[in-house]
Amino acid sequence: MRIALGSDHGGYRLKEAIKEHLTKKGHFVTDYGTDSIESVDYPDYAEKLCHGILNGEADRGILICGTGIGIAIAANKVKGIRCATVSDVFSAKKCVEHNNCQVMSLGERTIGFGLALELAEAFLTATFEGDRHQRRVDKIMEIENQK
Ligand code: RB5
């Protein structure tokens with residue numbers, strides 16, 4: 001699977017750990033930055049990664065900031081993107097199975113690295129179930145198209 005990773009400074013260390021883990025597992029990983037713990041603005045990285053997903057550069061994306069919240073809010077402003085902030089394995093699966101999220105966000109300051117790797121695994125192996133969930137996702141996207 002082709003996986004996009006992105007973070008601000010608050011998520012940099014966890015991004016690097018996830019990158020190492022996924023690369024070792026044989027995934028093709030594209031890193032949209034940031035490249036250090038120097039302070040940056042999370043919307044810039046959310047936007048870059050989400051455009052990468054929409055352009056077909058990666059199948060799924062994982063965004064990380066301090067809490068996972070700001071970077072998810074920014075990601076969900078990109079038209080066509082569905083991003084969920086996750087801190088449990090059940091939600092990491094369901095955000096794909098039910099909500100067809102292409103992007104998951106994590107908080108480096110809120111969860112342990114071991115759990116984060118399990119969340120990545122759950123998110124990346126889940127499949128959208130379609131059917132009634134497709135109807136609901138379509139309704140979400142209709143809201144996005146309202147002016
Ligand atoms: C940066 O200090 C912090 O605000 C950011 O990483 C994130 O937690 C925002 O939601």
Side-chain angles (χ1 to χ4, degrees), residues 1-25 27-128 133 136-147:
M1 186 177 261
R2 296 168 310 150
I3 300 155
L5 297 180
S7 76
D8 71 353
H9 54 290
Y12 170 72
R13 289 188 180 91
L14 180 55
K15 173 173 68 65
E16 293 302 301
I18 293 174
K19 182 164 66 178
E20 186 184 346
H21 176 77
L22 295 178
T23 303
K24 274 186 188 156
K25 291 201 79 174
H27 294 290
F28 181 77
V29 175
T30 303
D31 186 346
Y32 288 84
T34 185
D35 302 324
S36 74
I37 57 167
E38 188 180 329
S39 184
V40 292
D41 298 332
Y42 55 80
D44 298 335
Y45 298 90
E47 192 177 11
K48 278 185 207 169
L49 180 144
C50 290
H51 284 135
I53 295 281
L54 294 173
N55 291 336
E57 293 162 21
D59 304 305
R60 292 207 188 146
I62 301 175
L63 287 168
I64 308 135
C65 65
T67 58
I69 296 171
I71 209 158
I73 293 172
N76 281 309
K77 297 293 181 191
V78 179
K79 191 171 181 173
I81 290 294
R82 292 172 298 280
C83 173
T85 306
V86 159
S87 58
D88 67 277
V89 170
F90 185 81
S91 300
K93 280 169 69 84
K94 291 298 167 195
C95 77
V96 176
E97 291 175 353
H98 288 190
N99 314 117
N100 203 12
C101 284
Q102 316 99 318
V103 183
M104 172 180 80
S105 74
L106 304 174
E108 181 182 308
R109 297 171 183 159
T110 60
I111 60 170
F113 280 33
L115 174 59
L117 299 184
E118 286 192 25
L119 297 175
E121 195 66 31
F123 172 67
L124 296 172
T125 55
T127 306
F128 181 51
H133 303 296
R136 293 160 186 166
V137 170
D138 287 345
K139 288 188 176 185
I140 295 173
M141 305 326 284
E142 278 170 28
I143 294 170
E144 189 171 72
N145 285 327
Q146 288 168 11
K147 295 238 164 156

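Whatever order the structure lists ligands and atoms in, that order sets their numbers, starting from 1.
- Considering backbone and side-chain N/O atoms, Ile69 never comes within less than 3.5 Å of an N/O atom of ligand 1.
- Closest protein heavy atom to atom 7 (C) of ligand 1: Cys65 SG, 3.3 Å.
- Other residues, nucleotides and ligands place no more than 12 heavy atoms under 6.0 Å from the CD1 atom of Ile37.
- Looking at atom 4 (O) of ligand 1, its nearest protein heavy atom turns out to be Tyr42 CE2, 4.3 Å.
- Summarising the local packing, CZ of Arg13 is surrounded by 12 or fewer heavy atoms from other residues, nucleotides or ligands at distances under 6.0 Å.
- With sequence neighbours excluded, the residues satisfying side-chain contact (heavy atoms from CB on, under 4.5 Å) with Met1 are Ile3, His27, Asp59, Arg60, Leu124.
- At a 4.0 Å heavy-atom cut-off, ligand 1 touches Asp8 through the side chain alone.
- On a distance-only criterion, Gly66 and ligand 1 share at least one N/O pair closer than 3.5 Å.
- Of the possible polar contacts, none joining the Lys15 side chain to the Asp31 backbone as a donor-acceptor pair under 3.5 Å is found.
- At the top of the distance list for atom 10 (O) of ligand 1, counting protein heavy atoms only, stands Gly70 N, 2.9 Å.
- In this structure, atom 3 (C) of ligand 1 lies nearest to the protein heavy atom Arg109 NH1, 3.9 Å.
- The 12-atom threshold is not exceeded at CZ of Phe28, counting heavy atoms of other residues, nucleotides or ligands nearer than 6.0 Å.
- Atom 8 (O) of ligand 1 has as its closest protein heavy atom Thr67 N, 3.1 Å.
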Set out, in order, the CA-CA distance, both residues' side-chain angles and the distance that settles side chain to side chain donor-acceptor pair (under 3.5 Å) for Glu47 and Tyr42, then state yes or no.
CA-CA 9 Å; Glu47 192 177 11; Tyr42 55 80; over 6 Å; no
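- His9 meets the ring pair (Phe, Tyr, Trp, His ring centres under 6.0 Å) test with no other residue; sequence neighbours excluded.
- Of the protein's non-hydrogen atoms, the one nearest atom 1 (C) of ligand 1 is His9 NE2, 3.6 Å.
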